[in-house]
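First comes the structure, then the notes that go with it.
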Amino acid sequence: MAFDEIFAVIVIGAGHAGCEAASAAARLGANTALITLNLDLIGQMSCNPAIGGIAKGHLVREIDALGGIMGRVIDRTGIQFRLLNRSRGPAVQSPRAQADRSLYRREMRRTLEQTPNLQLRQGKVVDLVVHNHKVVGVEMEDGRRFGTSAVVMATGTFLNGLVHTGRRTYSAGRAGEPASIELSESLKRLGFPVGRLKTGTPPRLDGRTIDWSAFEPQPGDEKPVPFSFATERLEQEQIKCYVGYTTSEVHEAIRANLAESPLYSGKISGIGPRYCPSIEDKVVKFADKSRHQLFLEPEGHDTNEVYLNGFSTSLPAELQQDLVRMVPGLEEAQIIRPGYAIEYDFVDPRELTPDLQTTRVAGLFHAGQINGTTGYEEAGCQGLVAGINAAQFVAGREAFRLQREESYIGVLVDDLIKQGVDEPYRIFTSRAEHRLALRYDNADARLEKYGRDLGLVGDSDWERFNARQDRLAKLRDALDSCRLRRADAAYAAMSSLLDADLGDQISLAQLAKRPAVTSELIRSLLPSDVKSLASESDLKSALADSLYAGYLASQEATLGRIYQHDSLRIPKGIVFASISGLSNEVVERLNRAQPQTFGDARRLPGLTPASLSTLLVYLTLRQKAAA
Amino acid sequence: MSTIVALSTPRGRGALGVVRLSGPEALRIANQLTGSIAEFEPKRVTLAKLLERDGAVIDEMLVTYFKAPHSLTGEDVIEFSCHGSPAVLRKLIDLTLSLGAQLAGPGEFTLRALANGKVNLAQAEAIRDLISAQTEAAAKQAALQLNGELSRALEPLKQQLVDVIVVLESALEFVEDDLPAPQLERLDQELGLVQAKTEELAASYRMGHLLQDGLKVAIAGSPNVGKSSLFNKLVERDRAIVTELPGTTRDTLSETIDVDGIPIVLTDTAGVRPTADGIEQLGIERTQSAITEADMVLVVLDGSCALRDEDRDILQRTASTRRMIVLNKADLPSFGTGNGQLPAGLKVSAMTGEGLDSVRAAILTSFDTATPESGSLLVTNARHHDLLLRVGAELVEGRAELKSGRSEEVVLVPLHNALRLLGEITGETTTEDILSEIFATFCIGK
């Protein structure tokens, strides 16, 4: 077959998944092409101009530790940084930043264009070329054909996208951009189970028409916490966001016009994310709430465009304008882009292996919204995993997988491929059983070594990482060995401050576990050589390690109890089909995977709790019979 | 999927024998066995003839058809109820095998029920308990649990716990949303309620495990004081439903009696007989081990004569164990005329039955057991008891963390532990379940 160009890896789509995938594959040595419908919209933030948030910030830190690019790009283009959950423990704190939307795009494109082995191509992919269940190329709308050994599909909302505003619908991948209809058909022809999801976005306002004085300013942190472990300081001038509220008058008007909403008139069949409800959903499902929070988020330094966060809607554009003007402070506000809802195709992620490769077509990887997820960070981390594995695949190297115990990325991928999705999937800290161990500030300790081994973490980053780990080790040592004794002056001061007897002596690590003791206080008690060595964030990391140690042990004990059967061996040559009660589907999955232990079986996708109980009882009975 | 067959009543001769057939071929096999032209109707009992392959009638039997999924295993199930002759039952099973059925492995019916979601793990355990129940009260408890009563009793507790978890999780995850601040005092109260009920259920295990496993009572005494007569008299009236304890070797000197629903395993120890060489060594050992294993010893003395050396020996050897002294032979005129050395004890006559009720009552009162109210739920399973104790301990810890003002993610560690442990009885609560509650409770999302 004749191809116009040959690449080792082709990435389709240059959103947050596609950019990470292309960057990783190219840097791992694969000659990579990133194909996008529009070179000017690489790294576009389709929805709100922000990255991070609880658990999402953890994902970005993990991407960064592995050698991904999202953290560095947002650090260079972020215009407001906040560490969320500061009043809570370190495991659930997470960074968040507003981006200058167009700067983010430019910076992302610049980063990709500087990447060796990476080619950008503009155009529309209409078909995957597959031979003997193996992907060999893609076909473009303009007739070009590119040969390849691996494809990463990162198509976002473009697969058969359908935009809704009021009763009007039109085919689009995002407002104003064409949908990818042929590619969706191509996937269906290959036999992929395709479903439908929905998401939405609020109207954007002209900042000059807003009465800012009616809103409460929300400044960023005084000492911003960046996303990338490599970032030493932020470059962009920082801005404020603003908080306001809807009124019951607005709610009344929305309820009176529900017939105009495609969500309530039955026009939309796709399922939307519950944690990102439209304003229509909010006023219907929580009718007793008299107001809903709104955030005014400026989209950048060089634009008047303001994102009206909290007001996602698919009502008719002219009605959106009327509703917005009912909000105190927005009486004169002018919408410059109406909000809309979009339905799009996704492929059942239970089709995927843990390296995000499809089981149906070798060399085909899926990442981002095509897997039923939502969010830039969720997309980015999948792009990274898929890009790494596409490069590993073409080079004949071992696949790269992360476990639930060590990363949010592992949790996300495992959830997707095992549970599948019935609504757009978002990461939450509660999805991680090992939440206390997976902190934003220790993502480097957890993952940087993997990035280095793969070849994504460069020498200077690796040096910085090792220097930090050395500092942390010294700090931990000092926290354990420095003790306040009764005779010490500091002891009396501390004891009266805490209004408690501290025993004959107490280590700084033990002292730090008391709720009233701040890290500043501990810092003041450190020996001066250690004090001068360690930064504030170093100290916080070291303290967090000791803070959670006891809880982690108790949780591990319970989890260990629940997973106590994991080591139960599955005898060689077992005929799964002979186990009473297992469905053909389950038997097929077991046969394919040939698990060695019950723990292996438990981690397989598609095994129901009932079938696992059955397998467990069978194995136990068999073991008893043998004894 | 194969069709499996097994004898469902105990082996040996009985009035009735039940053979159970489960699987996709069950109905066809039943039709061929009975030469039936009329279809068996679901949930109907049909009188049918069991036919030899040549058409000769072997037996008459009652056939019940349970159509999938409304059956024990969730598959088509046929129950044959025929005369309990081992030969007939053997023949019936052989015929089903020749028609394509397979002999069920141990626990295979329960396994299928589990796989088809007809029972959960707690119910599967209850099936095992039901099969080995010794008294009616124990059987009732097992049946309650088979009906999912324990899971049902725990469900509202789990829900309350989930409610608290939902509030704490939301506070963590949706810090930018306009959520009401958690009211720590109210959360603590709710956890306190869950803790109290969990502990109450755990405490019922004392009674529950008595029901399931019974009390071991050894009867000890010198020869000729009337141990065996007492044993026989107690067994004669109160013999339990099933006399053979599963998993134990049958001891001819042990019988299970039913006292107010509590199974009591009575053991008549070998008399300690003096021989020419002194005291028989084997007899001492057996008696000693029966005494050691027993929860209680009934020391029988002859109330009609004075204390003998052997009696003193027994009294001495049981001094440190839980025991009850019984003065037998109250029917004899010489009863109570001994020289005053006899210790205080219950006055009985194994001959007339006088005083036996007070013996029964005294056994139970000494264990401080109330008669189980029919219908009230007791924890009978050691695993469940252990889990409930752990749940209680986790809740205590969670409340302490909550009160000390720890951050939510820390308070949630013991609470999630408690939820996981409860889930081992009732089935798992997934993160998805908790998230669904959060979204149903609070308006989340910008």
Side-chain angles (χ1 to χ4, degrees), chain A residues 48 53-55 84-85 87-89 91-92 96 202 245 273-277 281-282 285-286 289 291-295 309-310 312 415 419 428-431 433 435-436 515 547-548 551-552 554-555 557-559 561-562 578-583 608-611 613-614 617-618 621 624-625, chain B residues 1-2 4 23 73-75 104-117 120-121 124 165 169 171-178 390 394 397 401 404-410 412-414 416-417 420-421 423-424 427-428 430-432 434-436 438-440 442-446:
Chain A
N48 67 328
I54 314 277
L84 303 183
N85 263 345
S87 65
R88 298 193 165 82
V92 291
R96 181 184 191 276
Y245 295 93
R274 283 172 298 178
Y275 31 78
C276 219
D281 265 345
K282 289 185 200 178
K285 291 190 180 143
F286 296 90
K289 275 198 90 165
R291 61 177 205 179
H292 291 281
Q293 214 169 14
L294 297 174
F295 295 83
N309 205 341
S312 172
D415 280 350
Q419 324 288 337
F428 292 108
T429 68
S430 52
R431 296 197 193 270
E433 302 82 349
R435 167 160 64 192
L436 298 189
L547 170 67
Y548 288 136
Y551 302 103
L552 281 169
S554 118
Q555 179 177 314
T558 317
L559 288 173
R561 209 196 119 80
I562 286 165
S578 73
I579 301 177
S580 252
L582 293 184
S583 72
T608 57
S611 58
S613 302
T614 309
V617 174
Y618 174 85
L621 285 174
K624 271 191 195 146
Chain B
M1 189 71 60
S2 60
I4 50 173
T73 58
E75 306 174 325
E108 199 168 354
F109 281 94
T110 311
L111 207 58
R112 291 192 174 193
L114 203 62
N116 291 325
N120 60 29
L121 212 52
I165 289 176
E169 287 287 359
L172 280 186
E173 304 272 15
F174 304 103
V175 57
E176 291 189 282
D177 289 87
D178 195 16
R390 284 164 188 270
E394 295 288 353
E397 199 195 322
E401 300 287 7
S404 72
R406 294 268 176 212
S407 176
E408 287 89 342
E409 82 277 11
V410 167
L412 280 162
V413 170
H416 277 299
N417 282 347
R420 288 190 187 106
L421 293 166
E424 284 195 55
E428 207 184 340
T430 62
T431 310
E432 236 10 88
I434 291 172
L435 288 171
S436 294
I438 291 178
F439 299 129
F442 300 112
C443 182
I444 300 287
K446 292 205 237 175

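Here is the naming used below: chain letters follow the sequence lines, and residue numbers restart at 1 for every chain.
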Please walk me through it: do Glu408(B) and Arg88(A) pass salt bridge (charged side-chain N to carboxylate O under 4.0 Å, His left out)? CA-CA 7 Å; Glu408(B) 287 89 342; Arg88(A) 298 193 165 82; 2.7 Å; yes
For residues Glu173(B) and Ser430(A), is any side-chain donor paired with an opposing acceptor at under 3.5 Å? yes
Under a 4.5 Å heavy-atom cut-off, does chain B meet the side chain of Arg435(A), its backbone, both or neither? side chain
What distance separates Asp178(B) CG from His292(A) NE2, expressed to the nearest 0.5 Å? 9.5 Å
Proximal component of Glu394(B), with respect to chain A [non-hydrogen, under 4.5 Å]: side chain
Honestly, the part of Leu412(B) sitting under 4.5 Å from a heavy atom of chain A is side chain
Where is the tightest heavy-atom contact between Ser407(B) and Gly89(A), given as atom of each residue plus distance? OG-N, 2.9 Å
State, yes or no, whether a side-chain contact exists between Arg406(B) and Leu547(A) at a heavy-atom distance under 4.5 Å. yes
I want to check something: taking the side chain as every heavy atom from C-beta on, are Tyr551(A) and Glu401(B) in contact at a cut-off of under 4.5 Å? yes
Heavy-atom nearest pair, Asn85(A) first then Ala171(B), reads OD1-O, 4.3 Å
For Gln293(A) and Asp177(B), which heavy atoms make the closest approach, and how far apart are they? OE1-C, 3.7 Å
Would you mind reporting whether Asn309(A) and Glu176(B) have side-chain heavy atoms less than 4.5 Å apart? no
May I ask you to name which of Asp415(A), Leu84(A), Leu294(A), Thr429(A) has the most heavy-atom pairs under 4.5 Å with chain B? Thr429(A)
Evaluate the side-chain proximity of Tyr548(A) to Val410(B): yes if any heavy-atom separation is below 4.5 Å, no if none is. yes
Proximal component of Ser404(B), with respect to chain A [non-hydrogen, under 4.5 Å]: backbone
Here the pair of heavy atoms bringing Ile54(A) nearest to Leu172(B) is CD1-O, 3.7 Å
Can you tell me which portion of Lys289(A) sits under 4.5 Å from chain B's heavy atoms? Options are side chain, backbone, both or neither. side chain
